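Because the structure is predicted, anything quoted here is derived from the model rather than measured. Just so you know, residue 1 is the first one in the sequence shown, and it goes up from there.
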Amino acid sequence: MINKFKNNRGMTVNVICAVLMAILLVLQFVPFWHYGEAGESCSISGYIWFPSDHKELESWLISQAEDHDLNSFVGMPILVLVLSVVGSIFCLLKADQNWVGLFPLACGAAGAVAYLTIPALRLGVGWTWHLLLCIVLAVLGGYGLMQQVKEMKSV
């Protein structure tokens, strides 16, 4: 089994991507924003799936990021969530196939765009770590796809 990984860089990259996407998925559910005088906190998924339970967070986000609107906010985090779940599964089950690099590439790119363009996401604790994780995913996914192209050319 270990020889499989030594001989196939793409397979190793896919397994690493699966782990990184699983970490990104978990980060969607841990406290991300800390707000209010009582020190409340909320995760990205908690806010997206139950916005009516987080009216105080919404008020805080609007006060910090003037153009914040939940409707324009939810798309990218949901996309990252779905891509990280599906991508983790495919990167593990089809680790020997480099085309699955599309998932970490798409997940990382969507996440990076979200963290760079949505002001409310830049208000969270550790958002730079989320961004770096997304960039690494995009780079590794791209690398996996380039391995696929190299293999196709050598055949």
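Using a 4.5 Å cut-off between side-chain heavy atoms of Ile, Leu, Val, Met, Phe, Trp and Tyr, with links allowed through other members, W60 and I48 fall into the same hydrophobic cluster. By the criterion of side-chain heavy atoms lying less than 4.5 angstrom apart, applied directly or through intervening Ile, Leu, Val, Met, Phe, Trp or Tyr residues, L123 is grouped together with V74 in one hydrophobic cluster. I89 and L102 are members of different hydrophobic clusters when ILVMFWY side chains are connected at heavy-atom separations under 4.5 Å. Hydrophobic clustering (side-chain heavy atoms under 4.5 Å, transitive across Ile, Leu, Val, Met, Phe, Trp, Tyr) keeps M21 apart from L93. Cluster annotation: L133 and I118 are assigned to distinct hydrophobic clusters (Ile/Leu/Val/Met/Phe/Trp/Tyr, side-chain heavy-atom contacts under 4.5 Å, transitive).
Qualifying side chain to side chain contact (heavy atoms under 4.5 Å, CB included) partners for D69, counting only residues two or more places apart in sequence or in other chains: N71, S72. For A112, the side chain to side chain contact (heavy atoms under 4.5 Å, CB included) partners at least two apart in sequence or on another chain are L131, C134, I135. With sequence neighbours left out, the ring pair (Phe, Tyr, Trp, His ring centres under 6.0 Å) criterion links W99 to F90. Residues meeting the side chain to side chain contact (heavy atoms under 4.5 Å, CB included) test with A109, sequence neighbours left out: none. The side-chain hydrogen bond (donor to acceptor under 3.5 Å, both in side chains) test applied to H68 returns Y47, not counting sequence neighbours. Partners of I16 according to the side chain to side chain contact (heavy atoms under 4.5 Å, CB included) rule, which considers only residues two or more places apart in sequence or in another chain, are T12, L20, L140.
Side-chain contact check for D67 versus P119: some heavy-atom pair is nearer than 4.5 Å. Here the side chains of S88 and L25 are not in contact, with every heavy-atom distance at 4.5 Å or above. The closest side-chain heavy-atom distance from L121 to F32 is below 4.5 Å. Side-chain contact between V26 and I23 is absent, with no heavy atoms from C-beta onward closer than 4.5 Å.
Smallest separation of non-hydrogen atoms from F73 and A120: CE1-CB, 4.1 Å. Nearest heavy atom pair, residue C107 against residue L24, reads SG-CD2, 3.7 Å. Nearest heavy atom pair, residue G108 against residue L137, reads CA-CB, 4.0 Å. A pairwise comparison of heavy atoms in N14 and C91 identifies O-CB, 3.2 Å as the closest pair. Scanning both residues, L105 and A138, for their nearest heavy atoms gives CD1-O, 3.3 Å.
Members clustered with L132: W129, by chain and number, using a 4.5 Å side-chain heavy-atom cutoff among hydrophobic residues.
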Could you pull out all donor-acceptor pairs under 3.5 Å where a side-chain atom in residues 78-87 meets a protein atom, sequence neighbours excluded?
from, atom 1, to, atom 2, distance (Å)
S84, OG, V80, O, 3.0
S84, OG, L81, O, 2.9

May I have the list of side-chain donor-acceptor pairs in residues 34-44 shorter than 3.5 Å, sequence neighbours left out?
from, atom 1, to, atom 2, distance (Å)
S43, OG, G46, N, 2.9

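R122 contributes no side-chain N or O that, together with a main-chain N or O of W127, makes up a donor-acceptor pair within less than 3.5 Å.
For the atom pair CG (L61) and NE2 (H54), the distance works out to 11.0 Å, reported to the nearest 0.5 Å. Remark: E58 CD to S52 OG distance equals 10.0 Å, nearest 0.5 Å.
Among residues at least two apart or in separate chains, side-chain hydrogen bond (donor to acceptor under 3.5 Å, both in side chains) pairs with a member in residues 110-120 are Y115-H130.
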